[in-house]
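Values in this document were obtained by computation on a predicted structure and should not be read as measured data. A note on names: the letters A, B, ... follow the listed sequences, proteins ahead of strands, and every chain is numbered from 1. Note that these values count all heavy atoms, side chains included, but never hydrogens, waters or copies made by symmetry.
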Amino acid sequence: NNSIEVGQGNLKLLYSADEGKLTQYVNSRNLVAASVEQSYSFYSGYVGDGKDTQASGAYIFRPNGSFPIKSDHQVSFTVLRGPILDEVHQQLNPWVSQILRIYKAKEHAEVEFTIGPIPVDDGIGKEVITQFSTTMKTNKTFYTDSNGRDFIKRIRDFRSDWDLEVNQPIAGNYYPVNLGIYLQDSTMELSVLVDRSVGGSSLVDGQVELMLHRRLLHDDARGVGEVLNETVCIADKCEGLTIQGKLYLRVDHKGEGAKWRRTVGQELYSPLLLAFTEQDGDNWL
Amino acid sequence: LNTDALADALALSQHHDAVSGTERQHVAADYAKRISIGYAEAEGLVASALASLVNQRLSSNVINPVKGFQQCPLLNISYCPPSEATLANGKSVVIVVYNPLAWKREEVIRIPVSTGEVFVQDSAGKEIESQLLPLSNITFSIRKKYAKAYIGTAPSGEPKYWLAFPVSVPPIGFSTYMVSRPKQRGRISTMSKEFRSDGST
């Protein structure tokens with residue numbers, strides 16, 4: 001059927017074979033099936049001009065256009081299968097790649113993204129995001145954690161305690177995400193947990209967006225007094241940072257995602273510690 | 001051994017709102033250095049505590065008590081000398097997995113290994129199913145670049161695979177696993193099957 005099935009336990013993800021794009025999320029245990037797509041893009045940073053001098057910087061998010069990150073050619077798409085887990089490796093361009101993992105014994109997908117060095121030789125600062133899109137009808141509503149504690153209801157272009165005038169339709173709807181973000185409609189929930197603090201939103205119904213990395217070329221003049229353009233230098237050669245992090249994706253029937261968000265969220269915060277030592281021969285005792 | 005440097009570093013970072021990007025770079029570098037010093041100190045404490053716990057469990061049956069535990073802070077970029085070098089030297093790698101949460105956990109751990117011929121046992125000597133996954137080119141390139149930047153020298157040798165295996169760890173407790181090279185062929189980790197797309201094929 002021109003699609004590739006990944007995952008050998010209850011959870012399976014389907015990819016279109018020709019484009020290598022995620023299309024379906026299926027859990028055979030609880031009979032959840034959802035159309036889910038993922039994409040990457042970046043916002044270009046606002047430079048600030050004579051009329052409007054406020055530039056994008058460390059504190060100020062003022063996107064000046066959105067640009068999809070697509071491969072010039074067929075996306076490099078490799079699937080690894082085995083008894084413990086399946087992996088899908090994708091290289092979108094020279095500075096964006098990801099590995100998606102489905103563990104046989106788990107019912108969520110782990111997305112390890114690697115981004116950078118973000119190129120800025122075109123003179124444009126970039127803020128890189130990923131989006132998960134579904135057909136869920138979420139009516140402008142999404143939920144983000146409050147510094148790892150309760151998830152709080154967010155409504156696009158709305159605040160419960162004052163009349164909001166929206167000047168920045170993207171930035172004005174961004175919220176801090178320290179643990180995760182989720183959406184729900186009348187039947188389903190889509191949850192994404194994070195391994196680091198990021199910004200996130202749902203700018204379109206059924207869609208979750210997270211900002212993963214950024215590199216900007218102007219100071220926002222809000223106190224840092226420095227451009228957000230960190231580099232790593234090896235042998236006098238400097239380049240922008242490369243970052244690597246993980247997202248955890250799960251779809252549930254409505255009302256069934258909370259337990260997973262709390263328990264797995266706690267496990268991400270307190271990971272298993274590994275300590276190594278060595279031993280001679282077969283003395284396993 | 002204590003965790004005073006870590007406590008100081010965390011207190012300083014939290015008090016000064018050390019969020020990446022909202023402080024000058026040299027200040028961020030200072031916070032990072034203090035946390036790194038704190039981490040190294042805490043690592044020593046944890047290694048000592050784990051050795052003590054493991055030796056208590058082993059009791060008097062063991063002639064050579066376990067001493068030096070090492071951690072792999074750069075495991076995310078596949079840099080883990082204890083797992084890579086030990087197997088290459090023909091010895092077995094002992095991994096203590098500690099669970100800081102108050103519930104039992106069943107997870108899959110991954111370590112870089114320099115050979116495809118390995119097998120995994122639990123603390124009772126029972127063989128555990130495991131899987132080898134080739135390291136991606138991206139992982140190799142980050143390992144090379146960042147290991148050199150952070151440890152000062154390029155890592156010697158190259159791991160070939162991630163070794164993945166399931167672990168089961170009791171609440172606020174630890175489990176022990178051993179990764180070894182087999183003396184005879186037959187019982188080794190399963191190599192992942194690889195499929196690449198080529199156009200629509």
Cation-pi check, B/Arg196 onto A/Phe77 ring (under 6.0 Å, within 45° of axis)
no
Please determine whether the number of non-hydrogen atoms from other residues, nucleotides or ligands lying under 6.0 Å from atom OH of A/Tyr269 exceeds 12.
no
Can you confirm whether A/Phe276 sits close enough to B/Val93 that some side-chain heavy atom of one is under 4.5 Å from a side-chain heavy atom of the other?
yes
Using non-hydrogen atoms and a 4.5 Å limit, figure out which bit of A/Leu241 sits close to chain B: side chain, backbone, both or neither.
both
A/Arg101, part contacting chain B, at a heavy-atom distance under 4.5 Å
side chain
Regarding B/Lys145 and A/Glu239, does a basic nitrogen lie under 4.0 Å from an acidic carboxylate oxygen?
yes
Residue part contacting chain A, namely of B/Ala164, when any heavy atom lies under 4.5 Å:
both
If only side-chain N and O atoms count, and only distance matters, is there a donor-acceptor pair under 3.5 Å linking B/Trp103 with A/Glu267?
yes
Quick one, A/Gln279 with B/Lys91, criterion side chain to side chain contact (heavy atoms under 4.5 Å, CB included). Give me CA distance, side-chain angles, the key distance, then yes/no.
CA-CA 6 Å; A/Gln279 197 155 269; B/Lys91 292 182 176 175; over 6 Å; no
For B/Val167, is it the side chain, the backbone, both, or neither that has a heavy atom closer than 4.5 Å to a heavy atom of chain A?
side chain
Nearest heavy-atom pair of B/Arg105 and A/Ser270: which atoms, and what distance?
NH1-O, 2.8 Å
Would you say the side-chain atoms of B/Gln25 pair up with the backbone N or O of A/Glu230, donor to acceptor, closer than 3.5 Å?
no
Evaluate the criterion side chain to side chain contact (heavy atoms under 4.5 Å, CB included) for residue pair A/Arg81 and B/Glu194; output intermediate values, then yes/no.
CA-CA 7 Å; A/Arg81 291 185 202 275; B/Glu194 186 170 328; over 6 Å; no
Cut-off 4.5 Å, heavy atoms of chain B, and the answer for A/Glu278 is both
Looking at chain B, which one of A/Pro271, A/Pro83, A/Gly82 has the largest number of heavy-atom pairs inside 4.5 Å, strictly under?
A/Pro83
Is B/Leu132 close to chain A through its backbone or its side chain, or both, or neither, when contacts mean heavy atoms under 4.5 Å?
neither
Need one label for B/Val46: side chain, backbone, both or neither, based on atoms under 4.5 Å from any heavy atom in chain A.
side chain
Top of A/Asp86, A/Thr114, A/Leu216, A/Ile84 for chain B proximity - count of heavy-atom pairs under 4.5 angstrom
A/Ile84
Quick one: side chain to side chain donor-acceptor pair (under 3.5 Å) partners of A/Thr277, sequence neighbours excluded?
none
Is there side-chain contact between B/Tyr98 and A/Leu272, with heavy atoms separated by less than 4.5 Å?
no
NZ of A/Lys104 to CD of B/Gln131, rounded to nearest 0.5 Å, is 9.5 Å
Segment of B/Leu87 engaging chain A (4.5 angstrom heavy-atom cut-off)
neither
One should read off an interatomic distance between A/Thr242 OG1 and B/Ile138 CD1, to the nearest 0.5 angstrom, of 8.5 Å
When rounded to the nearest 0.5 angstrom, what is the spacing between CG in B/Leu101 and CD in A/Gln266?
5.5 Å
Can B/Asn99 and A/Leu273 be said to form a side chain to side chain contact (heavy atoms under 4.5 Å, CB included), step by step?
CA-CA 7 Å; B/Asn99 171 18; A/Leu273 179 138; over 6 Å; no
Relative to chain A, which segment of B/Glu106 carries a heavy atom at a distance below 4.5 Å: side chain, backbone, both, or neither?
backbone
Under 4.5 Å from any heavy atom of chain B - which part of A/Thr263:
both
Proximal component of A/Lys106, with respect to chain B [non-hydrogen, under 4.5 Å]
side chain
Examine whether an atom of B/Ile95 lies under 4.5 Å from a heavy atom of chain A, and if so say whether it belongs to the side chain, the backbone or both; otherwise answer neither.
both
Could you walk me through whether B/Leu133 and A/Leu85 satisfy the side chain to side chain contact (heavy atoms under 4.5 Å, CB included) test, starting with their C-alpha distance in whole Å, then the side-chain angles of each, then the deciding distance to 0.1 Å, before giving a yes or no?
CA-CA 9 Å; B/Leu133 301 114; A/Leu85 74 154; 3.8 Å; yes
Region of B/Thr176 that comes under 4.5 Å of a non-hydrogen atom in chain A
neither
Please classify the contact of A/Val232 with chain B as side chain, backbone, both or neither, using a heavy-atom distance under 4.5 Å.
side chain
Does atom CG of B/Asn137 have more than 12 heavy-atom neighbours, drawn from other residues, nucleotides or ligands, at distances under 6.0 Å?
no
Looking only at heavy atoms, what is the nearest atom pair of A/Glu226 and B/Glu23, with distance?
OE1-O, 4.2 Å
Minimum heavy-atom distance between A/Leu274 and B/Gln71, given as atom pair plus value:
O-CG, 3.5 Å
Is B/Lys160 atom NZ crowded by more than 12 heavy atoms from other residues, nucleotides or ligands, each under 6.0 Å away?
no
